[in-house]
A.B. asks: 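Below is a structure I'd like to ask you about.
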Amino acid sequence: MEVTNSKLSDFNEVTQVTPNKNVDLSLEPGEIIIEEITRNHKLLHRHRLNKNEVSIGRGYQNDIILADPHICAQHLTIKFAQGVWQLNDNNSINGTVLEKHNKNLEDKTQQIINDGDVIIVGKSQLRVMFSDHKVAETIAFSPFESLIDIIRNPIAVFISIALFMLISANISYLSQPTEINISQLFVSALKMTLIFAVWPVGVALVSHLTKHDPRILAQLGISFTFFILLWLSDLFEEIIAFNSASSSMLGLIISLLPIGIAFSLFWLNSYIGFHVSAKRRMIVAISITTLLFAGSYLIQYSKKPEFNPRPQYNATIMAPKFLIAPSSDVNTFLERSNALFEQASKAAQQD
């Protein structure tokens, strides 16, 4: 990182700019692109200029006007001279910092600006691009885009939210020890829906604040669809537990299903709301999933007493229609039991 400011240097002489030997002095300046970016290098505004000299500051006579109070009225000037773009700080109070995009360039003069360099003025940052700057490869649409286009349809969003409310009302009805009326169920379902809506709305808000398309309908549709899938996974887990032993390996595998659904939800939230690399999207989804499930497990474990006078056991009770294997009547059960006892008695007599 290099500093250009007469107030910050130990000498007041102006360093003479020595052009590179490989630079054509007859080169025309062409267009220069100056981007206002955040500290995380997110784009805020882009200015495309076609002139030999660009003035930057808070004053309204400048080519680029910045509202940062730490910037002077006429803070700095970018000028095309001797075949290169040069940065000149106009004796500003807080100085100007030139952050090189490629630190391996052999520019002995700190005022020379190269393609991709970042200028730091006050608490603002400007990225300089030339018109021949190479852009990244175009990203092809993911197969998820067709699914997202369907789910973000207003009708599909309404159906998913309405279905979630019905499921929430049903769960509330089954969990109540006393009878409740429809209005109470509706209020309970509405509260639950608003609570769950905080997540997609929050993701859309963060996306908007980071200068991305919030796509609120897509976030709502995806989130409530996966909330319903999470409820269905819980129901499926209960059915498996009802049809198998408590220590069954199948039950353990099925218990991992909600983790996979939650990971897919967070991955799609990141895919819809933010333009990040696939690796970073994967890291974010794994981190949130781990934080959610590991945190809930630690909370439950911390509340668990060392000695429980009422030990937990598998008391899953469901209707016979949820049995995967067909059940037998009482007479058939007694006949089979008697046959087993007779076989055991004969085997004991033979021994």
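None of these values were measured; they are calculated from a predicted model.
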A.B. asks: Can you name the residues that form a side chain to side chain contact (heavy atoms under 4.5 Å, CB included) with K123, not counting sequence neighbours?
C.D. replies: R39, D68, H70
A.B. asks: Is it true that a side-chain atom of S92 and a backbone atom of D89 form a donor plus acceptor pair closer than 3.5 Å?
C.D. replies: no
A.B. asks: Taking side chain to side chain contact (heavy atoms under 4.5 Å, CB included) as the test, write out the residues that go with I167, two or more places apart.
C.D. replies: L163, I171, I228, W231
A.B. asks: Holding to salt bridge (Lys or Arg N to Asp or Glu O under 4.0 Å), I want the full list of residues that pass it with R48, two or more places apart in sequence or in another chain.
C.D. replies: E31
A.B. asks: Cluster partners of I155, using ILVMFWY side-chain heavy atoms under 4.5 angstrom, listed by chain and number?
C.D. replies: I159
A.B. asks: Compare every heavy atom of F196 with every heavy atom of F227, then report the nearest pair and how far apart it is.
C.D. replies: CE1-O, 3.5 Å
A.B. asks: With rounding to the nearest 0.5 angstrom, report the CG to OG distance, L257 to S233.
C.D. replies: 5.0 Å
A.B. asks: Find the distance between CG (L147) and CD1 (I151) and round it off to the nearest 0.5 Å.
C.D. replies: 4.0 Å
A.B. asks: Quiz question: by atom type and distance under 3.5 Å, do the side chains of N181 and S183 form a donor-acceptor pair?
C.D. replies: yes
A.B. asks: Would you say the side chain of L126 lies within less than 4.5 Å of the side chain of I37, judging by non-hydrogen atoms?
C.D. replies: no
A.B. asks: Look only at the side chain of N153 and the backbone of I150, and say whether a donor-acceptor pair between them is shorter than 3.5 Å.
C.D. replies: no
A.B. asks: Where is the tightest heavy-atom contact between L185 and S172, given as atom of each residue plus distance?
C.D. replies: CD2-OG, 4.1 Å
A.B. asks: Counting distance only, does the side-chain N/O of T290 pair as donor-acceptor with the main-chain N or O of I286 below 3.5 Å?
C.D. replies: yes
A.B. asks: Quickly, which of N88, I64, V121 forms a side-chain contact (heavy atoms from CB on, under 4.5 Å) with L76? Name it, please.
C.D. replies: V121
A.B. asks: Does the side chain of Q125 reach to within under 4.5 Å of the side chain of E36, using non-hydrogen atoms?
C.D. replies: no
A.B. asks: Nearest 0.5 Å, please: how far is CG in N94 from SG in C72?
C.D. replies: 6.5 Å
A.B. asks: If I compare all heavy atoms of P258 with all of L230, which pair ends up nearest, and what's the gap?
C.D. replies: O-CD2, 3.6 Å
A.B. asks: With sequence neighbours left out, write down each residue that passes salt bridge (Lys or Arg N to Asp or Glu O under 4.0 Å) with R152, or none if nothing qualifies.
C.D. replies: D149
A.B. asks: Can you find a pair of side-chain heavy atoms, one from L66 and one from H75, that are under 4.5 Å apart?
C.D. replies: no
A.B. asks: Going by heavy atoms in the side chains, are T289 and I259 under 4.5 Å from each other?
C.D. replies: yes
A.B. asks: State yes or no: do M165 and F158 share one hydrophobic cluster built from I, L, V, M, F, W and Y residues joined by side-chain heavy-atom distances below 4.5 Å, directly or via other members?
C.D. replies: no
A.B. asks: Answer with yes or no whether the hydrophobic clustering places I283 together with F263; edges join I, L, V, M, F, W, Y residues whose side-chain heavy atoms lie under 4.5 Å apart.
C.D. replies: no
A.B. asks: Does I113 offer a backbone N or O that forms a donor-acceptor pair with the side chain of D117 under 3.5 Å?
C.D. replies: no
A.B. asks: Would you be so kind as to tabulate the donor-acceptor pairs closer than 3.5 Å made by side chains of residues 216-226, with sequence neighbours excluded?
C.D. replies:
| unit_1 | atom_1 | unit_2 | atom_2 | d |
| --- | --- | --- | --- | --- |
| Q219 | OE1 | N269 | ND2 | 2.7 |
| Q219 | NE2 | N269 | O | 3.3 |
| S223 | OG | Q219 | O | 2.7 |
| T225 | OG1 | G221 | O | 2.6 |

A.B. asks: For residues P214 and H208, report the shortest heavy-atom separation together with the two atoms involved.
C.D. replies: CB-CB, 4.2 Å
A.B. asks: Return yes if some donor-acceptor pair links the side-chain N/O of H47 with the main-chain N/O of I32 below 3.5 Å, else return no.
C.D. replies: no
A.B. asks: Spell out, yes or no, whether L87 and I65 are grouped together once hydrophobic residues are joined by side-chain heavy atoms under 4.5 Å, including indirect joins.
C.D. replies: no
A.B. asks: T193 versus I161: any side-chain heavy-atom pair under 4.5 Å?
C.D. replies: yes
A.B. asks: According to salt bridge (Lys or Arg N to Asp or Glu O under 4.0 Å), who are the partners of R281, at least two apart in sequence or on a separate chain?
C.D. replies: none
A.B. asks: I need the E237 CD to L256 CG distance, nearest 0.5 Å.
C.D. replies: 9.0 Å
A.B. asks: List, by chain and number, the other hydrophobic cluster members for L209, where Ile, Leu, Val, Met, Phe, Trp and Tyr join if side-chain heavy atoms come within less than 4.5 Å, directly or indirectly.
C.D. replies: L205
A.B. asks: Answer yes or no: does atom CG of L194 have more than 12 heavy-atom neighbours from other residues, nucleotides or ligands under 6.0 Å?
C.D. replies: yes
A.B. asks: Using a 3.5 Å distance criterion without hydrogens, assess whether the side chain of R58 forms a donor-acceptor pair with backbone atoms of A67.
C.D. replies: no
A.B. asks: Indicate if M282 and V203 have the same hydrophobic cluster label, given that clusters are the connected sets of ILVMFWY residues with side-chain heavy-atom separations under 4.5 angstrom.
C.D. replies: yes
A.B. asks: Using side chain to side chain contact (heavy atoms under 4.5 Å, CB included), reason through R215 and I148 one step at a time and then give a plain yes or no.
C.D. replies: CA-CA 10 Å; R215 303 177 71 179; I148 294 171; 3.5 Å; yes
A.B. asks: Give me the atom names and distance for the closest heavy-atom approach of E53 to K51.
C.D. replies: O-CE, 3.2 Å
A.B. asks: Please walk me through it: do V118 and H41 pass side chain to side chain contact (heavy atoms under 4.5 Å, CB included)?
C.D. replies: CA-CA 9 Å; V118 175; H41 289 193; 4.2 Å; yes
A.B. asks: Does S270 use its side chain to pair, donor to acceptor, with the backbone of W267 at less than 3.5 Å?
C.D. replies: no
A.B. asks: For H133, is there any backbone N or O sitting under 3.5 Å from a side-chain donor or acceptor partner on D115?
C.D. replies: no
A.B. asks: Relative to the ring of W199, is the ring of F266 parallel (under 30°), tilted (30 to 60°) or perpendicular (over 60°)?
C.D. replies: perpendicular
A.B. asks: Which residues pass the side chain to side chain contact (heavy atoms under 4.5 Å, CB included) test with L166, sequence neighbours left out?
C.D. replies: none
A.B. asks: Go through the structure and list residues passing ring-ring contact (aromatic ring centres under 6.0 Å, His included) with H212, not counting sequence neighbours.
C.D. replies: F274, H275
A.B. asks: Supply the atom-to-atom distance Q111 CD to K79 NZ, rounded to the nearest 0.5 angstrom.
C.D. replies: 13.0 Å
A.B. asks: Not counting sequence neighbours, which residues clear side chain to side chain contact (heavy atoms under 4.5 Å, CB included) with T38? List them please.
C.D. replies: N40, K42, L44
A.B. asks: Cluster question for you: counting only ILVMFWY and a side-chain heavy-atom cut-off of under 4.5 Å, with indirect links fine, are I78 and I33 together?
C.D. replies: no
A.B. asks: Determine whether E35 and M129 make a side-chain contact, defined as any pair of heavy atoms from C-beta on separated by less than 4.5 Å.
C.D. replies: yes
A.B. asks: Show your reasoning for whether side chain to side chain contact (heavy atoms under 4.5 Å, CB included) applies to M192 and F164.
C.D. replies: CA-CA 9 Å; M192 186 65 67; F164 179 86; 4.2 Å; yes
A.B. asks: As an exercise, state the distance from OG1 of T77 to CG of N62, rounded to the nearest 0.5 Å.
C.D. replies: 8.0 Å
A.B. asks: Say whether, by atom type as modelled, one donor and one acceptor occur between the side chain of S188 and the main chain of Q184 under 3.5 angstrom.
C.D. replies: no
A.B. asks: F236: which residues meet the ring-ring contact (aromatic ring centres under 6.0 Å, His included) condition with it, sequence neighbours left out?
C.D. replies: none
A.B. asks: Do the side chains of V54 and I34 get nearer than 4.5 Å, heavy atoms only?
C.D. replies: yes
